[in-house]
Protein chains: 2
Amino acid sequence: MTSTEQRPVWAEHAAQALAEAGYRRGGARRAILELLDEQSCALSAVEIQEALSRRNRDVSRSSVYRVMEELEEIGLLQRVEIGQGMVRYEPVRSGPGHHHHLVCDRCGRLQPFTDDGLERAIRRLSDRVPLHVSEHEIVIHGACETCAAA
Amino acid sequence: MTSTEQRPVWAEHAAQALAEAGYRRGGARRAILELLDEQSCALSAVEIQEALSRRNRDVSRSSVYRVMEELEEIGLLQRVEIGQGMVRYEPVRSGPGHHHHLVCDRCGRLQPFTDDGLERAIRRLSDRVPLHVSEHEIVIHGACETCAAA
DNA sequence: CAAAAGACGAGACACGGTCTTATAAAGGAT
DNA sequence: ATCCTTTATAAGACCGTGTCTCGTCTTTTG
Ligand SMILES: [Zn+2]
Ligand SMILES: [Zn+2]
Ligand SMILES: [Zn+2]
Ligand SMILES: [Zn+2]
C-alpha cells in the first residue's frame, strides 16, 4: 500500500476541499480530519468518538456521522462495510489509492490489498452485467495468519 | 442461474439435513423452510416474519434468527450482506449453486450472477494474500437498468 | 459589530438484532 | 398411552448503531 506520503497532507487537502465545497470550518470537523489522517487503518464511528474523547476533544455523535457524510460525498473518505452491519471509514489518500480489504472474522483485523486480476475481472464483469456499476469495494473474509495458526 | 429444480426439494433436503444434524422438528422451523424454498430471491429476517404472518403462521423474531443460524451452520443457507447493515438469506440449492449478487442502491433490487473470471481472480488472489480465505460472497453495487433509465 | 447562515451538541427516536425466560411440543422410555 | 427429559418456540426486555430534531454557539459577511 502507498505509505510514502507524509501524514498531515490528507487532512490539509481535505480541509481545503471542504472549504472549496462551501463548508465553513468548525472545531469538530477539524478534529475528526486530523484524527483520521493519523490512522493507518479504518475506524468506526464510535472509535472516532472515543479516540477524540480520550484527547479531551469531545465530539457529538451527530457530528461524527455528519462529517463522515460530507467527506464521503466529496470522495475523500472510503466507507468500508466489514460485515455484521459494522462500518468503518478511512481516508482516500491519493488518486489511485484504490484498494480492497481483507477482514479476519475472528479477531476483526482489517488489512488492505490490491489485485490487478480482480480489478480486471470486475471491469469486464461490469460490461456484461445488467447493472450500472457505481463503485466497488470488495471485502474478503477469512482468518488472518495469527488466528489461523491458533 | 439454476432454476430447473422443482420447488419443494430444498425444503425436504433441508429438513432431512436438520434431522440428521440432531435437530427435532418444530412448526416454526418447518414454516420458515417452506417459505424460503418458495422464494426466488433472498429475504431479510423481517420479511420472513411478515410473509409468514400474512399466512397466519406467526413466528417469533427469535425463531427466525435461530433457524437462520442453524441453516447457515449446516451450509443450507447463504447469508447475503447487501450493505447499510442489511442482511438477507437465501437457500443454497445445489452443490455448485455458488453465485454472487448485484444490488441496486436505489430500488434495492437484488439479482444473482456468476462469473468465471471473477472466481478465477479470487482463487488466485487467495493464494497470494495473507489471509486464510473462508467463504466469499461478493456484492456489487450500482443502479439497475430501470433505475438507471430514470 | 450585527445579522444571517451554518456548525455543533444533546438527546429523543428508529430499527435490526441479541438474550432471557416461561411455556409448549417432541422424542424416548416404560 | 403416559410420563419424563430435552429441545423448540413465543414474548418481550434489552442493546448498539445510526437518524432526526431542535436549541445554542460559531463563523462568515456586509
Ligand atoms: Zn485474526
Ligand atoms: Zn477495486
Ligand atoms: Zn433499481
Ligand atoms: Zn464466488
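The structure displayed is predicted, hence computed values, not measured ones.
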Using whole Å, report how far [atom1] of [X] lies from [atom2] of [N].
X       : N      : atom1 : atom2 : result
B:Leu43 : C:dG16 : CG    : C1'   : 16 Å
A:Tyr23 : D:dT28 : OH    : C1'   : 17 Å
A:Gln49 : C:dG11 : CD    : P     : 12 Å
B:Glu81 : C:dG17 : CD    : P     : 9 Å
B:Arg30 : D:dT9  : CZ    : P     : 12 Å
B:Leu52 : D:dA10 : CG    : P     : 10 Å
A:Glu70 : C:dG6  : CD    : P     : 12 Å
A:Asp58 : D:dC25 : CG    : P     : 17 Å

Among B:His99, B:Arg124, B:His100, whose side-chain hydrogen bond (donor to acceptor under 3.5 Å, both in side chains) with B:Glu119 holds? B:His100
A:Phe113/B:Leu131 under side-chain contact (heavy atoms from CB on, under 4.5 Å): CA gap, chis, key distance, verdict: CA-CA 11 Å; A:Phe113 76 91; B:Leu131 185 94; over 6 Å; no
Report yes or no: is there a donor-acceptor pair, N or O only, under 3.5 Å between the side chain of B:Arg61 and the base of C:dG17?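 Such a pair exists between side chain and base.
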Establish whether the base of C:dA7 is bridged to the side chain of A:Arg66 by a donor-acceptor pair shorter than 3.5 Å. no
Measuring from atom NE2 of A:His101 to atom CD1 of A:Ile82, what distance do you get when rounded to the nearest 0.5 angstrom?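 The NE2 atom of A:His101 sits 10.0 Å away from the CD1 atom of A:Ile82.
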Nearest 0.5 Å please: distance from the OH atom of A:Tyr89 over to the CG atom of A:Leu76.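 Here the interatomic distance stands at 15.0 Å.
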Out of [options], which has the shortest distance to the side chain of [X]?
X       : options                : value
B:Ala28 : D:dA10, C:dA5, D:dT7   : D:dA10
A:Ser60 : C:dG9, D:dT9, C:dG27   : C:dG9
A:Arg24 : D:dT19, C:dA10, D:dT28 : D:dT28
B:Arg29 : D:dG12, C:dG17, D:dA8  : D:dA8

Ignoring backbone atoms, establish whether [X] has a side-chain N or O less than 4.0 Å from OP1 or OP2 of [N].
X       : N      : answer
B:Arg57 : D:dA10 : yes
A:Ser62 : C:dC8  : no
A:Tyr65 : D:dT19 : no

Can you work out whether B:Gly26 or A:Gly27 has the more 5'-proximal nearest nucleotide on DNA chain C?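 Its nearest nucleotide being more 5', the pick is A:Gly27.
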Tell me, yes or no, whether the heavy-atom count around A:Arg109 atom CZ, taken from other residues, nucleotides or ligands under 6.0 Å, exceeds 12. no
When you match A:Val87 and B:Arg25 each to their closest nucleotide on DNA chain D, which lands nearer the 5' end? B:Arg25
